[in-house]
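Just so it is clear, the structure is predicted and the values come from calculations on it, not from any experiment. Quick note on labels: first sequence line is chain A, next is B, and so on, each numbered from 1.
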2 protein chains.
Amino acid sequence: MNKAAQLEASELLKNADVYPSYQRIMVLASLFESDEHPSADALFKQLGSNVPTISRATVYNTLNLLVDKGVIRSLHTAGAETHFDSVSETHGHFFCRKCKKIYDIPQQNTEVKHELDGHLVESQELVFTGLCKECRE
Amino acid sequence: MNKAAQLEASELLKNADVYPSYQRIMVLASLFESDEHPSADALFKQLGSNVPTISRATVYNTLNLLVDKGVIRSLHTAGAETHFDSVSETHGHFFCRKCKKIYDIPQQNTEVKHELDGHLVESQELVFTGLCKECRE
DNA sequence: TACTCTATTTAGATTAAATCTAAATTTAGA
DNA sequence: TCTAAATTTAGATTTAATCTAAATAGAGTA
Ligand SMILES: [Mn+2]
Ligand SMILES: [Mn+2]
Ligand SMILES: [Zn+2]
Ligand SMILES: [Zn+2]
């Protein structure tokens, strides 16, 4: 129950024009506290102890809403689940096909495109896949 | 029943050390003929007319095997399904959140990394998301 | 050819991430 | 307080993907 994270979460929600309900604050604060890139279900389980009655639907709804609002990012890898990232600054990711961990990668080409071939770009994802430092022995 | 595509598919399979069974040839040839970026299920349905007895498992097994062998690429977007691309040259993709279409995007930074922060890079994916040319009206 | 072993395919069952539904609860405004 | 809209909840449902066990096909040997 990190109060600072909850305050920051509340602020971000308000700035994004999203009503800062207790559940939404806890979902976002929980994402802040996990330095990994958790899946929705991982967050749901992590929240279980603090917010016993929270439902899976609320976790999914909140995460999807915040992705739409640009507050957080979603990561799509060769793994089955979608993962989430509270850091909105542009950076890439490395997905290890063995241990399934996701590492941050400083993105080289940081210029963010807003239009490509006439398409309106709202977000971008750069994902590398392979064997991580530890899994290649 | 494009014979040229089937011949090319057979060659690629052999080069990748994969036994070129009739089903595998048809799956890969079918991917060649679809200029879109089909999902496994879309390919399964498309194959239905030519190879009536082919099973979903074979389509999935073949596609996964060919991704592992580096013959084809898999695309992971905000959409639910994994899509596949027969073009192995490096290029990016644009995913339209409205019509769900996937467009090819010539990749600017074409230099392919083989190692990042000590991680072994086997493939990379650059995916933009937003509203495509047609869906933004 | 006949025999054996391995590789591949098949149909259907199973798994699990994500969404959906309809009822309950909470919030904001009059 | 009353009412309507927003949010949450539990559980059912959907469906992409994998798994299973049996059938089929291919390769090697004699
Ligand atoms: Mn990250
Ligand atoms: Mn492509
Ligand atoms: Zn690893
Ligand atoms: Zn579109």
Could you tell me whether [X] contacts a base, only the sugar-phosphate backbone, or nothing, with contacts defined as non-hydrogen atoms closer than 4.0 Å?
X: B/Ser21; value: sugar-phosphate
X: A/Arg24; value: sugar-phosphate
X: A/Asp41; value: nothing
X: A/Thr82; value: sugar-phosphate
X: A/Thr53; value: sugar-phosphate

Which nucleotide sits closest to the side chain of [X]: [options]?
X: A/Gln23; options: D/dT9, D/dT18, C/dA18; value: D/dT9
X: A/Thr58; options: C/dA17, D/dT8, C/dT10; value: D/dT8
X: A/Asn61; options: C/dT10, D/dT18, D/dT9; value: D/dT9
X: A/Glu81; options: C/dA17, C/dT9, D/dT7; value: C/dA17

Over how many whole Å does the gap from [X] atom [atom1] to [N] atom [atom2] extend?
X: B/Phe84; N: D/dA16; atom1: CZ; atom2: P; result: 13 Å
X: A/Tyr19; N: D/dA5; atom1: OH; atom2: P; result: 18 Å
X: A/Tyr22; N: C/dT25; atom1: OH; atom2: P; result: 18 Å
X: A/Lys45; N: C/dA18; atom1: NZ; atom2: P; result: 12 Å
X: B/His83; N: D/dA16; atom1: NE2; atom2: P; result: 10 Å
X: B/Leu47; N: C/dA11; atom1: CG; atom2: P; result: 13 Å
X: B/Asn64; N: D/dA16; atom1: CG; atom2: P; result: 15 Å
X: A/Met26; N: D/dT8; atom1: CE; atom2: C1'; result: 15 Å

Using heavy-atom distances to pick each residue's nearest nucleotide on DNA chain D, tell me which of A/Pro52 and B/Ala57 is more 5'.
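Result: A/Pro52.
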The reported gap from CD1 in B/Ile72 to CG in B/Leu28 (rounded to nearest 0.5 angstrom) is 7.0 Å
Spatial distance of atom OG (B/Ser74) from atom CG (B/Leu66) [nearest 0.5 Å]
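These two atoms lie 11.5 Å from each other.
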Looking at D/dA5, which nucleotide sits across from it as a Watson-Crick or G-U wobble partner, both distances under 3.5 angstrom, or is there none?
C/dT26
Please work out which of the three classes, parallel, tilted or perpendicular, describes the rings of A/Phe94 and B/His119, given edges at 30° and 60°.
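Plane angle under 30°, so parallel.
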Check this for me: A/Lys113, atom NZ, are more than 12 non-hydrogen atoms of other residues, nucleotides or ligands nearer than 6.0 Å?
yes
On the nucleotide D/dT18, are OP1 or OP2 found under 4.0 Å from the side-chain N or O atoms that B/Tyr60 carries?
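No, because none of the side-chain N or O atoms of B/Tyr60 sits under 4.0 Å from OP1 or OP2 of D/dT18.
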DNA chain C: 5'-proximal contact among B/Ile54 and A/Ser39 (nearest heavy atom)
B/Ile54
Salt-bridge criterion met for B/Arg97 and A/Glu122 (N-O under 4.0 Å)
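Yes, this pair counts.
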Are B/Lys133 and A/Glu115 within salt-bridge range, i.e. N to O under 4.0 Å?
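Looking at A/Glu115 together with B/Lys133, the answer is no, because their closest N to O distance does not fall below 4.0 Å.
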